[in-house]
Amino acid sequence: MFRSRRAGLVRRLWRSRAGGDGGVSCCGLSEEPAGSPELRAAASAVLKRLKEEAVCVLLEAVESRGAAPGLCVMVTRHGPPPQLLLCSLFRWPELQHPGQLKALSWCQGVAGSDKNSVCCNPYHYSRVCAPESPPPPYSRLSPKIEQKSLDLSDSYTEIEASNSLWITAADISDTSLSRDMSKQGHWCSVAYWEHRTRVGRLYSVCQPSVSIFYDLPQGSGFCLGQLNLENRSEAAARTRGKIGLGIVLSREADGVWAYNRSDHPVFVNSPTLDAPACRPLVVRKVMPGYSLKVFDYKKSCVLRHHPTPPEHTDGPYDPHSVRISFAKGWGPCYSRQMITSCPCWLEVLLGR
């Protein structure tokens, strides 16, 4: 009886593959992961080693497309990396190497004490945005930038921030916090904006990671869906409908990472996303399912010794501020030239 129930769960899991990410690419979502016979055989061997409870956790994560990622699904390391196999099967069929994956903040099964086991829950991982990428033909990058070809060039688009009108100090004076946030018990504060209007109060983050979302079936964090605004623009209302599961910000040893959990890209601007010698700021596009280090601690230390603001800034320059726009980009290749033209965006104010 129990064996037949487990077999039914596994069959249901195989059928649910079409409901997963299906391999997020620069073109969007594919309808069905096209796993090779070798991949299916290897993944089947992994599934056979899982207990019924683990299969249930895996099934909920896959059917919810990560809205309910669940607990770690631990399996012994045997043969090809189990996390690579299941991430290839249920999310990204083009995966080639486990180095293309990053364990998310809620995964405890990668750096655990048991070196013989690893978490294979595909929604405990993200793809990693490459730190550099060749510029698209429309970008106007500084000639001093040295470009390198990378395999993950489709993970984001690199553009130069526009030489746009300044936002006045009065527009954002209420978000200019004391930078000594550690004494207040939080490592960052998040402000939510719609165009030029700040909506709601600053959200202080004390935990190592925070979910920022419109609608999240499980979990807690900064819920943008609860923030009301009179005379909200139609563009903001439409964009809010695309936020969905939103993003996860996590403070890690090397910097601050952002994971895009939504079904639409997000766009990021940060002083540390470019080389210190390059003064123009850069906006990067992060596709669904990808993570990007949005603030690098080592680069921030270098910038501290070169405090000159960039030549082209989009509003007052803050070397400890990250800006993230949902679904809509800004810059020279878009109709929106300034971040304040984006319908829904975040300002992440980091402590020193």
Side-chain angles (χ1 to χ4, degrees), residues 1-24 30 32-128 207-209 211 216-221 245 248 250 259 261 288-289 291:
M1 174 180 175
F2 292 104
R3 182 174 298 179
S4 62
R5 183 174 183 270
R6 182 190 177 282
L9 290 173
V10 172
R11 286 194 297 269
R12 182 176 162 188
L13 186 61
W14 281 99
R15 290 195 300 268
S16 67
R17 288 187 304 153
D21 285 5
V24 176
S30 60
E32 177 74 19
S36 66
E38 294 80 6
L39 171 62
R40 292 194 294 269
S44 179
V46 172
L47 295 177
K48 288 179 180 178
R49 304 206 302 269
L50 299 179
K51 295 182 179 180
E52 181 178 317
E53 295 82 359
V55 175
C56 288
V57 172
L58 196 60
L59 180 62
E60 183 179 16
V62 171
E63 287 188 336
S64 69
R65 296 186 61 196
L71 301 174
C72 289
V73 177
M74 303 302 295
V75 65
T76 55
R77 300 177 187 267
H78 179 72
Q83 72 273 30
L84 178 66
L85 294 173
L86 294 197
C87 284
S88 298
L89 183 69
F90 293 110
R91 300 192 71 182
W92 306 290
E94 72 278 8
L95 273 177
Q96 298 294 324
H97 191 273
Q100 296 173 294
L101 296 171
K102 179 185 184 299
L104 294 169
S105 57
W106 51 77
C107 183
Q108 305 297 319
V110 175
S113 58
D114 187 359
K115 303 301 182 182
N116 297 319
S117 300
V118 67
C119 176
C120 64
N121 186 332
Y123 286 94
H124 279 207
Y125 295 88
S126 73
R127 295 289 297 273
V128 181
Q207 299 298 319
S209 65
S211 295
L216 187 65
Q218 292 186 7
S220 60
L245 302 181
V248 176
S250 59
Y259 167 51
R261 297 182 73 181
S291 287

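A quick note: this is a predicted structure, and the numbers were derived from the prediction, not measured. Values reported hereafter were calculated over all heavy atoms of this structure, with side chains retained and with hydrogens, waters and symmetry mates removed.
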Taken in chain and number order and not counting sequence neighbours, the residues that satisfy side-chain hydrogen bond (donor to acceptor under 3.5 Å, both in side chains) with Ser44 are none
Quick check against the 3.5 Å criterion: does Tyr123 have a side-chain atom that pairs as donor or acceptor with the backbone of Ala67? no
- prompt: With a cut-off of 6.0 Å (strictly less than), are more than 12 heavy atoms of other residues, nucleotides or ligands near CG of Leu59?
  reply: yes
Students often mix this up, so state it plainly: with edges at 30° and 60°, are the rings of His124 and Trp106 parallel, tilted or perpendicular?
perpendicular
Sorted by chain and number, sequence neighbours left out, side chain to side chain contact (heavy atoms under 4.5 Å, CB included) with Glu60 holds for Ala68, Gln218
Margin query: Go through it in stages, so that I can follow the logic: the residues are Gln100 and Cys87, the test is side-chain contact (heavy atoms from CB on, under 4.5 Å), and I'd like the CA-CA distance, side-chain angles, deciding distance and then a yes or no.
Written below: CA-CA 11 Å; Gln100 296 173 294; Cys87 284; over 6 Å; no
Checklist entry - Okay, side chain of Arg127, backbone of Trp92: is any donor-acceptor separation there less than 3.5 Å? => result no
For Trp14 and Arg40 the tightest heavy-atom approach is CH2-O, 3.6 Å
Ala43 and Leu86 have their tightest heavy-atom pair at CB-CD2, 4.0 Å
CD of Glu63 to CZ of Phe90, rounded to nearest 0.5 Å, is 10.5 Å
side-chain contact (heavy atoms from CB on, under 4.5 Å) between Leu216 and Arg261, intermediate numbers included
CA-CA 10 Å; Leu216 187 65; Arg261 297 182 73 181; 3.5 Å; yes
Those residues at least two apart in sequence (or on a different chain) that pass side-chain hydrogen bond (donor to acceptor under 3.5 Å, both in side chains) with Arg77 are none
One should read off an interatomic distance between Leu89 CG and Leu95 CG, to the nearest 0.5 angstrom, of 11.0 Å
Value for CE (Met74) from SG (Cys72), rounded to nearest 0.5 Å, stands at 6.5 Å
Residues passing the side chain to side chain contact (heavy atoms under 4.5 Å, CB included) test with Arg49, sequence neighbours excluded, are Val46, Val75, Thr76, His78, Pro82
Residues passing the side chain to side chain contact (heavy atoms under 4.5 Å, CB included) test with Val57, sequence neighbours excluded, are Val73, Asn121
All heavy atoms of Leu58 vs all of Cys120, minimum pair found to be CD1-O, 4.3 Å
Residues passing the side chain to side chain contact (heavy atoms under 4.5 Å, CB included) test with Ser209, sequence neighbours excluded, are Ser105, Val248, Ser250
Between the CG atom in Leu13 and the CG atom in Leu47, the distance rounded to the nearest 0.5 Å is 6.0 Å
So the salt bridge (charged side-chain N to carboxylate O under 4.0 Å, His left out) pairs with at least one residue in residues 100-110 (sequence neighbours excluded) are Lys102-Glu252
Shortest non-hydrogen pair, Ser88 vs Leu84, comes out as OG-O, 2.7 Å
